[in-house]
Amino acid sequence: MVEMHEMVPGKRFDRYHELGQHAFGEKLGLWVVVPQQLMVEVGSSIVYMITGGKSLKKAHDTIWPNYKEIKLTYFIMIFSSVHFVISHLPSFNSITVVSLAAAVMSLSYSTIAWVVSWHKGVQPDVQYTSRASTNTGQMFDSFSALGDIAFAFAGHSVALEIQATIPSTPGKPSKKPMWKGVVVAYLVVALCYLPVSFVGYWVFGNKVEDNILLSLEKPRWLVAVANLFVVIHVIGSYQVFAMPVFDMMEAFLVLKMNFQPGQPLRFITRILYVGLTMFIAMTFPFFGGLLSFFGGFAFAPTSYYLPCVIWLAIYKPKKFSLSWLANWICIILGVVLMVLAPIGALRQIILQARDFQFYS
């Protein structure tokens with residue numbers, strides 16, 4: 001994606017769909033890319049709404065354990081209220097500080113999670129067996145886990161939009177600083193997730209929560225702070241994935257529906273989008289299942305095989321060359337991931353929904 005951003009001399013593909021149109025044609029490119037990209041971005045927004053609400057609730061319940069129970073629905077509404085305000089910032093450049101804070105918070109709360117877990121020590125009743133008691137259940141859980149991993153390592157759907165904000169000249173093309181950013185980003189992701197996964201499983205076994213911070217209770221102040229760090233992190237993450245949706249919505253309404261561009265249109269569309277994602281998050285707050293479903297069904301195409309298809313379509317590498325083989329392997333694995341992960345995720349959501357009460 002980084003290499004293809006300026007593959008045509010004098011032109012920059014600042015949007016994913018522009019690259020798709022170059023590879024597949026004006027109309028087909030839109031239909032191939034835009035629906036999948038929208039699923040990624042809207043799905044991510046919903047998951048981040050749920051994450052923010054659950055983390056706020058955990059922080060509240062940790063600080064005031066004897067206080068009257070407050071519904072998760074209300075915490076999701078509180079979290080969304082922030083986005084009703086900051087969603088009106090004009091561009092990615094406007095949320096630079098928010099994004100930087102999100103990255104710092106991500107590393108901070110992940111470190112707190114595994115250090116506190118390590119200090120807590122292995123639990124007396126820990127079990128390292130699968131949560132499912134049958135071979136079929138274990139297979140579906142494995143499919144769901146693949147979707148979780150896909151979600152964690154998939155930021156490709158907004159890569160071009162981010163790279164578009166970097167100045168570029170023939171002597172200093174944008175791909176150079178972008179490559180550095182990509183490497184640093186994935187190093188941070190690895191530093192955040194891998195220690196948490198190893199230590200979390202070692203301490204809690206198969207009883208660990210989807211969000212490990214929900215498994216921790218003491219020290220209360222530190223657990224509460226870590227959950228507030230999560231809230232700050234997902235505030236930035238929500239905006240990163242919502243900005244391209246705002247751009248597409250406003251462009252469609254102006255160019256295709258002949259709406260008058262301006263502040264009123266921007267205000268109404270962004271308020272409606274935040275309100276819609278808030279409503280869906282309150283209605284279906286299944287964090288783990290939705291994470292896996294969107295990771296497989298939406299993230300796999302845009303992150304793991306569509307860029308490879310575009311690369312093959314544009315560059316046409318020689319058959320059975322290293323580039324040709326690498327891309328086809330990624331395409332096959334990406335398609336398999338897209339098929340299997342949603343199956344496991346839907347089963348997980350169905351199991352969670354058995355005794356679920358709406359807006360609880």
Side-chain angles (χ1 to χ4, degrees), residues 1-26 29-30 32-34 36-37 40-41 89-104 106-107 153-192 236-237 239-248 250-251 255 299 301-319 321-331 334:
M1 296 288 283
V2 173
E3 291 292 331
M4 290 189 286
H5 181 248
E6 294 176 296
M7 58 181 299
V8 177
K11 180 177 175 61
R12 301 180 73 180
F13 296 110
D14 293 340
R15 301 289 182 269
Y16 202 146
H17 67 80
E18 292 176 4
L19 184 61
Q21 288 175 299
H22 180 76
F24 307 123
E26 289 293 318
L30 281 176
V32 169
V33 174
V34 173
Q36 296 183 77
Q37 191 178 17
V40 168
E41 289 156 355
L89 295 172
S91 66
F92 274 114
N93 286 329
S94 305
I95 61 170
T96 301
V97 175
V98 178
S99 298
L100 178 60
V104 174
S106 179
L107 190 57
F153 288 91
H156 305 62
S157 62
V158 292
L160 294 178
E161 283 82 354
I162 294 172
Q163 192 169 349
T165 66
I166 301 175
S168 184
T169 63
K172 293 182 178 180
S174 64
K175 67 180 182 181
K176 290 185 177 180
M178 187 65 182
W179 265 119
K180 293 178 181 178
V182 168
V183 171
V184 171
Y186 279 105
L187 283 174
V188 171
V189 169
L191 288 172
C192 290
S237 300
Q239 289 301 315
V240 167
F241 283 93
M243 281 287 179
V245 182
F246 298 152
D247 184 57
M248 282 189 275
E250 290 158 16
L255 299 176
F299 277 69
T302 55
S303 296
Y304 300 117
Y305 71 80
L306 187 55
C308 300
V309 173
I310 294 175
W311 183 278
L312 292 174
I314 295 175
Y315 284 105
K316 297 179 174 60
K318 187 178 178 180
K319 281 188 176 181
S321 65
L322 180 60
S323 175
W324 188 90
L325 287 171
N327 279 284
W328 270 109
I329 290 171
C330 289
I331 290 169

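Nothing here was measured: the structure is a model prediction, and the numbers come from that model. Start at 1 with the first residue, then count along the sequence.
Scored by the side chain to side chain contact (heavy atoms under 4.5 Å, CB included) test, Val184 finds Val188 as partners (sequence neighbours excluded). When the side chain to side chain contact (heavy atoms under 4.5 Å, CB included) test is applied to Lys176, the partners found at least two apart in sequence or on another chain are Pro173. Partners of Asp247 by salt bridge (Lys or Arg N to Asp or Glu O under 4.0 Å), not counting sequence neighbours, listed by chain and number: Arg15.
For Ala313 against Phe24, the heavy-atom pair with the smallest separation is CB-CE2, 4.4 Å. The two residues Gly20 and Ile310 have their closest heavy-atom pair at CA-CD1, 4.4 Å. The nearest pair of heavy atoms linking Tyr305 to Cys330 is CB-O, 4.0 Å. Contact record, Pro244 with Glu41: CB-OE2, 3.4 Å, taken as the closest heavy-atom pair. Between Trp324 and Lys318, the shortest heavy-atom contact is CB-O, 3.3 Å.
Atoms CG and CG, from Asn327 and Leu322 in turn, are 9.5 Å apart once rounded to the nearest 0.5 Å. Note that CE of Met243 is 5.0 Å distant from CD of Gln239, once rounded to the nearest 0.5 Å. For the atom pair Ser174 OG and Ile162 CD1, the distance stands at 12.5 Å (nearest 0.5 Å). Between the CZ atom in Phe13 and the CD atom in Gln21 there is a gap of 9.5 Å [rounded to 0.5 Å]. From Glu18, atom CD reaches atom CE of Met4 across 13.5 Å, with rounding to the nearest 0.5 Å. In this structure, CG in Leu306 is found 8.5 Å from CG in Leu19, a value given to the nearest 0.5 Å.
Taking a cutoff of 4.0 Å between a charged side-chain nitrogen and a carboxylate oxygen, Lys11 and Glu6 do not qualify as a salt bridge.
Taking a 6.0 Å sphere around CG of Leu255, one finds it holds more than 12 heavy atoms contributed by other residues, nucleotides or ligands. Atom CH2 of Trp328 is surrounded by 12 or fewer heavy atoms from other residues, nucleotides or ligands within 6.0 Å.
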**OP:** Test side chain to side chain contact (heavy atoms under 4.5 Å, CB included) on Val182 and Tyr186 and set out the steps.
**Re:** CA-CA 6 Å; Val182 168; Tyr186 279 105; 3.8 Å; yes

Subject >> Derivation and outcome, side chain to side chain contact (heavy atoms under 4.5 Å, CB included), residues Met1 and Gln163 >> reply: CA-CA 10 Å; Met1 296 288 283; Gln163 192 169 349; over 6 Å; no

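Under the 4.5 Å side-chain criterion, counting only non-hydrogen atoms from C-beta, Asp14 is not in contact with Thr165.
Gln37 and Thr302 form no side-chain donor-acceptor contact under 3.5 Å, judged by distance and modelled atom types alone. Side-chain atoms of Glu3 and Trp311 include no donor-acceptor pair closer than 3.5 Å.
Checked against His17 for a side-chain contact (heavy atoms from CB on, under 4.5 Å), the options Leu160, Leu30, Val32 give a single hit: Leu30.
Between the side chain of Arg12 and the backbone N or O of Met7 there is no donor-acceptor pair closer than 3.5 Å.
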